[in-house]
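Below is one structure; the comments refer to it alone.
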There are 2 protein chains.
Amino acid sequence: MDEPRQGGGAAPKGTVTQRAIERIKAMIGEGLLEPGQRLPTERDLAAQLGISRSSMREAIRALTVLGVLEARHGSGIYVTQLQAGDLLETFGVVADLSRGPRLVELLEVRRILESTATALAAARITPAQLAVVEGHLAAMNATEDPEEILAHDLAFHRAIAEAAGNETMAAILEGLSSRTFRARVWRGYREEGAFDRTRREHAAIHRALAAHDPEAARAAAAAHVGEVEEWLRAQVGS
Amino acid sequence: MDEPRQGGGAAPKGTVTQRAIERIKAMIGEGLLEPGQRLPTERDLAAQLGISRSSMREAIRALTVLGVLEARHGSGIYVTQLQAGDLLETFGVVADLSRGPRLVELLEVRRILESTATALAAARITPAQLAVVEGHLAAMNATEDPEEILAHDLAFHRAIAEAAGNETMAAILEGLSSRTFRARVWRGYREEGAFDRTRREHAAIHRALAAHDPEAARAAAAAHVGEVEEWLRAQVGS
DNA sequence: TTGACCCAAGTGGTCCGACCACATCCATGG
DNA sequence: CCATGGATGTGGTCGGACCACTTGGGTCAA
């Protein structure tokens, strides 16, 4: 045994960068680092853990893309609010990089969550929130620009998910419906005249929300997502 | 030579590292990089994008923690299989870092997915898969070691999720039930004698699976997760 | 011939030092 | 009192050096 580390007891596993990542995550997990709090400088952190600034920077960059930390040029490094949106942003990457069968599976997950979220929204939605939903619905029907339609479509579902009262679920659904993901589906989808059907489905969802009818809302949402799901399933088969 | 950017038209947005990350993600998204394929060396990649090796390393590290790339010391950098498990590993971080109300929301999402997954499993499960589930159930009841119980509990639900036939959902559920997450819940939970109840709930789930009764399975799973959910909700309130 | 062994080249991992770009704070001066 | 400008500190980028590990081919003995 050449005892490469002094008696501290910490086993030297993996790369130093990986260890640094775990250390910082642990600090946050144990409450030593509060959301929004500012961390020591890269140089100080590196010195504290006995590693080089380069390695520490890689660790910080990794935690940055995970939505745990936020680096502000010239100011410092801060812990994010650790909101659902911060951490689940990476969920969009999954959707962007998924192909074939995996895409269908992803859509199946979305169908399950979206239908439940819509049902919850039907029970809880306030008049103000309903007005927002109606706004996006109207805007979506008032234009022919695909880009704009997509944006309002996304916002439409986002507003419903928020009305369900579960921020985490809303964030996951947003990631599942990332721009690229939706754009890919829309391409070549409108050609089959499914454009009007989408419009009708959205109207059905809105009707159920206005009537505060959870069961109808669940069915309408499930049908809406299921429609795309079936089409995609057929595409994958060919 | 000044010539900040030649006419290519690409706007220099954000940090060079961030751009490198996007570039590599785009290459994979467009199919230029296949799963399992080996990338050029860090030095070559850096040269291709006209950035330093340090910056390129940060980009690679970021994509590594996201489960998109895999670096093998002395061998090279490879694209992962991009399986659901690879990409959704980061989901565990969310569970580990969530606190209070967010934890309840997370558990609510799990309840929705787990109940649906269990229902699907009841309809599709094969005798062989059922045997695996029973194995973990028996092992769980045969020991008193919390560590071992937790492992088999996790495997129990994992096996059910796999039987549902949706790898993506199984991966998400696994992330939602990350080690730390479950351990935190168990601590101080057994004290209220809820230990036997968990055993009974698991038995109910198994019964529904064996009977191929989706509705019963859904109810049993929802009740199982909901039990923990309610307890946690009460804890947060205090 | 065949097999085990060893070494050299290539690759990721780590460290260092320098400089740049930007944000912030404070002394200065109106 | 407020606006201004510079000094300071911070993250961002760069280049080079060396270390640790893998890989493959060549050597040498059986």
Starting at atom CZ of A/R72, determine the distance to atom P of D/dG12, rounded to an integer number of angstrom.
-> 12 Å
Are OP1 or OP2 of C/dC22 and a side-chain N or O of A/S75 less than 4.0 angstrom apart?
-> no
Integer-rounded Å distance: D/dT10 P and A/L39 CG | 13 Å
Distance-only donor-acceptor test (3.5 Å): side chain B/H73, base D/dA20 | yes
Within the structure, does a side-chain N or O atom of A/T15 lie under 4.0 Å from either OP1 or OP2 of C/dG12?
-> no
Ionic contact status for B/R19 with B/E22, cut-off 4.0 Å | no
B/L69 CG to C/dT11 C1', in whole Å, measures 15 Å
C/dC15 C1' sits how many Å from A/L49 CG, rounded?
-> 15 Å
When all nucleic acid strands are considered with a 4.0 Å heavy-atom cut-off, which category describes B/R57: base, sugar-phosphate, or nothing?
-> base
Measure the acute angle between the ring planes of A/H224 and A/H157, then classify it against the limits of 30° and 60° as parallel, tilted or perpendicular.
-> parallel
State whether the distance check finds a donor on one side and an acceptor on the other, under 3.5 Å, for side chain B/R53 versus base C/dG13.
-> yes
Side-chain donor/acceptor contact of A/S54 with base of C/dC16 under 3.5 Å | yes
The residue, A/R43 or A/Q18, whose nearest nucleotide of DNA chain C is more 5′ is A/Q18
Whole angstrom is fine here: how far is it from CE in A/M56 over to P in C/dC16?
-> 13 Å
Should the pair A/H136 and A/H152 be assigned to parallel (<30°), tilted (30 to 60°) or perpendicular (>60°) ring geometry?
-> tilted
Within the structure shown, what part of the strands sits under 4.0 Å from B/I60 by heavy-atom distance: base, sugar-phosphate, or nothing?
-> nothing
Round to a whole Å and report the spacing from CD of B/E42 to C1' of D/dC21.
-> 13 Å
If you check every side-chain atom of A/A71, which of D/dT13, C/dG12, D/dG11 has the closest atom?
-> D/dG11
Nearest-nucleotide check on DNA chain D, A/G76 vs B/E58; residue mapping nearer the 5' end is A/G76
At their closest point, which heavy atom of B/S55 faces which heavy atom of B/V16, and how far apart are they?
-> OG-CG2, 3.9 Å
Taking every non-hydrogen atom, the tightest pair across B/T41 and B/R38 | CG2-NH2, 4.1 Å
Report the distance from atom CZ of A/R19 to atom C1' of C/dG13, rounded to the nearest whole Å.
-> 12 Å
Length of the CG-P vector between B/L63 and C/dG12, whole Å = 14 Å
